[in-house]
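Starting from 1, each residue takes its place in the sequence as its number.
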Amino acid sequence: MRRRRMGALHVVGEPRVSFQHHQQPAVAAAGKSVGHGPVVEEIHGLIRVYKDGHVERPPAIPDVPCTWGATAPGAPGGVAARDVVVDRATGVWARLYAPVAGGGLPVVVYFHGGGFCVGSAAWSCYHEFLAQLAARAGCAVMSVDYRLAPEHRLPAAFDDGLAAVRWLRHQASLATGRGAAPDEVSWWRARCGFDRVFLMGDSAGANIAFHVAARLGQGHLGALSPLAVRGAVLVQPFFGGEARTASERTMAQPPRSALTLPTSDCYWRLALPPGAGRDHPWCNPLSRAAPRLEALPLPPLLVCVSEADVLRDRNLELCRALRRAGKAVEQAVYGGVGHAFQVLHNCHLSQPRTQEMLENIGAFVSAR
């Protein structure tokens, strides 16, 4: 991870991001790259996997440093940000956000989307969305840059999510202890209310948030004190299954859609253990092979669903199943927009629907 200085950010207008027209790495004739053999899996503009295991990820969305959009500290609406190492052994890092004013703020641990295979906490679209979240919802944010598949197949991302919570628990211990020496995280730690922690993510990141919440409830990290997880927010959660839902079978997607059914299938082939099908519990929490939802100790959930997303029906069925299992679930459906609209801003309704989503998340957090 490259260290970046802390900067102050203003929430400004969102960029319109597209996966189209990005220059691809040079490839030899017949779909081969010199020295790597044929391409065996590809999502155009995002990832190319070769027979020998070599992986190429074109720069679909630019990375931005924490000094992006810098303004004077204390400026109205300012949000401070800084990158920190979470686990040196794995290379996992996180980008921290907090309003420049205030303290005792709820803490959101965020996992970005990208089918477990692409994406970064440094992507400009996530950097901007999470700066908005910190400002609008009045929270501190820890955006986790976890390891990606296929180099690191599941459960690596889940393990990295637990590592992030372990790191956060250590920060909470420092905040409640006496005589702790100031360090590079002191500014952020001083703004956090560690007794109000929320797990959150979009798409594959929502899947990670779900499984990390379940593992924490099952005691995988032992006692969390002085942390307290109050809820989880699942934005367009990326789950699957061998049987297709109606929205997966029939919902036509525009050329610039962030997720189509073939793209989804490719992500799962790359992310799941070799040979595993889409009814694997990590993909389908409602399959017979998955733990019974009644037995999963989950915090209250907010599930954000996009009306024009191929995952719509799967997301709604998850909400129904969780309610039948006695879980506390709220759902919000955003009309006329597709998968990842809140970060890609790829339709005319993206802006107002993003503001609706931020309001819904803020209300869910503030109620707890």
If the threshold is 4.0 Å, N to carboxylate O, is there a salt bridge linking [X] and [Y]?
X: E359; Y: R353; value: no
X: D87; Y: R166; value: no
X: R288; Y: D279; value: no

Whether R196 engages the ring of F194 as a cation-pi pair (distance to the six-membered ring centre under 6.0 angstrom, angle to the ring normal within 45°) should be assessed.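 No, a cation-pi geometry is absent between R196 and F194.
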Side chains of [X] and [Y]: closer than 4.5 Å at any heavy-atom pair?
X: V229; Y: V165; result: no
X: Q342; Y: Y334; result: no
X: F364; Y: L301; result: no
X: R95; Y: V84; result: no
X: L302; Y: L234; result: no
X: L316; Y: L318; result: no
X: V39; Y: V49; result: no
X: R191; Y: W187; result: yes

Apply the test side chain to side chain donor-acceptor pair (under 3.5 Å) to residues S143 and H112: give CA-CA distance (whole Å), side-chain angles for both, the deciding distance (0.1 Å), then the verdict. CA-CA 7 Å; S143 177; H112 66 77; over 6 Å; no
Any chance the rings of Y146 and H152 have centres within less than 6.0 Å? no
Y97 ring center within less than 6.0 Å of H127 ring center: yes
With a 3.5 Å distance limit and no angle check, can you tell me whether [X] reaches the backbone of [Y] through a side-chain donor-acceptor pair?
X: R368; Y: P300; result: no
X: R215; Y: H220; result: no
X: R169; Y: A223; result: yes
X: Q253; Y: A308; result: yes
X: S350; Y: C347; result: yes
X: K327; Y: P299; result: no
X: S203; Y: G205; result: no
X: N284; Y: R278; result: no
X: R153; Y: L270; result: yes
X: N207; Y: W282; result: yes

Side chain to side chain donor-acceptor pair (under 3.5 Å) between T263 and T260, worked out: CA-CA 5 Å; T263 298; T260 63; 2.9 Å; yes
Qualifying residue, where the test is side chain to side chain donor-acceptor pair (under 3.5 Å) with Y50 and the options are H36, E56, E42: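 Exactly one pass, corresponding to E56.
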Grouping I, L, V, M, F, W and Y whenever their side-chain heavy atoms are under 4.5 Å apart, do L358 and L199 come out in a common cluster? yes
Using the ring pair (Phe, Tyr, Trp, His ring centres under 6.0 Å) rule, pick out the option among F158, F116, F111 that qualifies with H211. F158
Could you tell me which non-hydrogen atom of A164 sits nearest to which non-hydrogen atom of V86, and how far apart they are?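 So the two residues come closest at CA-CG1, 3.9 Å.
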Residue pairs meeting salt bridge (Lys or Arg N to Asp or Glu O under 4.0 Å), one or both in residues 308-319, sequence neighbours left out, come to E248-R314, E317-R320, E317-R324
Where does the angle between the aromatic ring planes of F210 and F239 fall among parallel (under 30°), tilted (30 to 60°) and perpendicular (over 60°)? perpendicular
